Colleague: 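Sending over a structure as C-alpha cells; questions will come in a sec.
All values below come from the heavy atoms of this structure, side chains included, with hydrogens, waters and symmetry mates left out. Order of appearance sets the numbers: ligands from 1, and atoms from 1 within every ligand. Worth saying up front: this structure is predicted, and the values here are computed from it rather than measured.
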Amino acid sequence: MEPILELESARLSLRQWRDEDLPAFAAMCADPQVMRYFPAPLSRLESAALIGRVRGHFAEYGFGLWALERKDTGAFIGFTGLSVVGFDAPFTPAIEIGWRLAREHWGLGYASEAAWTALRCGFDRLALQEVVAFTTETNLPSQKVMQAIGMHHAPADDFEHPRLAEDHPLRPHVLYRITREQWLQTLHG
Ligand SMILES: CC(C)(COP(=O)(O)OP(=O)(O)OC[C@H]1O[C@@H](n2cnc3c(N)ncnc32)[C@H](O)[C@@H]1OP(=O)(O)O)[C@@H](O)C(=O)NCCC(=O)NCCS
C-alpha cells in the first residue's frame, strides 16, 4: 500500500515531519504541563530521537504520528496519529491512536479534529478492524478526546503499563476501543 504521508482536516494539515519542527516539538515535550501524565519531560536530544522513531514508523508501516500544522498560522502544534503498540499487553497486537499538543493550542478542538481525521484514515484507508487508545487513569483531558471520537471504555480492559515500575503512580492505565462497526454507527447515527 502507498504510504499515507498527509491528511487534512478543516483547520489542520496532518503532514510529514520537517527538521524545522524540532525547536517547537522539543519545547512542547520539555513543558512539564504537557508531560504531567508521562514519567518526565524530554530533553532536546530525547525529542529529536522521538522524531527519528516516528519517521522510522512511517517508513516501516506507511502511517504513523503525523505532525500537525495549523492552516491559519502555519504553526507546528504537535502530533496526532496511529501507531503499532510497542509492548505486550492483553489487548495486543493492536493499533493505537494518540496525540500531544503544545499548551497554547489546547481548548480549541484541534486534538479531537485531528484524532477524528486519523481515525477515519484507520478505518477508511487502512481497513483496520479496531483502534485502541490508552492513557494513565488520571489523564482526563486525553480521555475526553477518546470519548469525543466515539471510543468506549470497559473497566475490564484496564491494565498496568508494563514499561513503568510497579510502584509508579502513572502505571494504572485505562484502555479505550472502537471497532470498525462502532465507527460506522457514529458516522451514520
Ligand atoms: C490531551 C490533549 C491533546 C487534549 O487537548 P484539548 O485541546 O483539550 O482537546 P480538544 O482538541 O478535544 O479540545 C477540546 C476543548 O476545546 C474546546 N473547543 C473550542 N473550540 C472547539 C471546537 N471548534 N471544536 C471542539 N472543541 C472546541 C472544547 O469545549 C473543549 O474544552 P473543555 O476541555 O474545556 O471542555 C492535550 O491536553 C494534551 O496535549 N495533553 C498533553 C499530552 C497528553 O496527555 N497526550 C495524551 C497522552 S495519552
Colleague: If hydrophobic residues (ILVMFWY) are linked whenever their side-chain heavy atoms come closer than 4.5 Å, directly or via other members, who joins L170 in its cluster?
Modeller: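 When side chains under 4.5 Å apart are linked, the cluster holding L170 also contains L164.
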
Colleague: Using the side-chain hydrogen bond (donor to acceptor under 3.5 Å, both in side chains) rule, collect all pairs that involve residues 78-103, keeping only residues at least two apart or in two chains.
Modeller: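 The answer is D31-R103, W99-S142.
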
Colleague: Just to verify, what does R125 make a salt bridge (Lys or Arg N to Asp or Glu O under 4.0 Å) with, not counting sequence neighbours?
Modeller: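 Once residues adjacent in sequence are excluded, R125 has no partner under the salt bridge (Lys or Arg N to Asp or Glu O under 4.0 Å) criterion.
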
Colleague: Under 3.5 Å, is there a donor-acceptor pair between the S13 and E8 side chains?
Modeller: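 Side chains of S13 and E8: no pair found under 3.5 Å.
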
Colleague: In terms of relative ring orientation, are W66 and F58 parallel, tilted or perpendicular, with 30° and 60° separating the classes?
Modeller: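 Aromatic pair W66/F58 classed perpendicular.
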
Colleague: Within 45° of the ring axis of Y110 and under 6.0 Å from its six-membered ring centre, is that where the NZ or CZ of R11 lies?
Modeller: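 Yes - R11 lies over the ring of Y110, closer than 6.0 Å to its centre and within 45° of its axis.
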
Colleague: Give the residues near ligand 1 by chain and number, with the criterion being a heavy-atom distance under 4.0 Å.
Modeller: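 Contacting ligand 1 under 4.0 Å are R11, V34, F38, W99, R100, L101, W106, G107, L108, G109, Y110, A111, S112, F134, T135, N139, P141, S142, K144, V145.
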
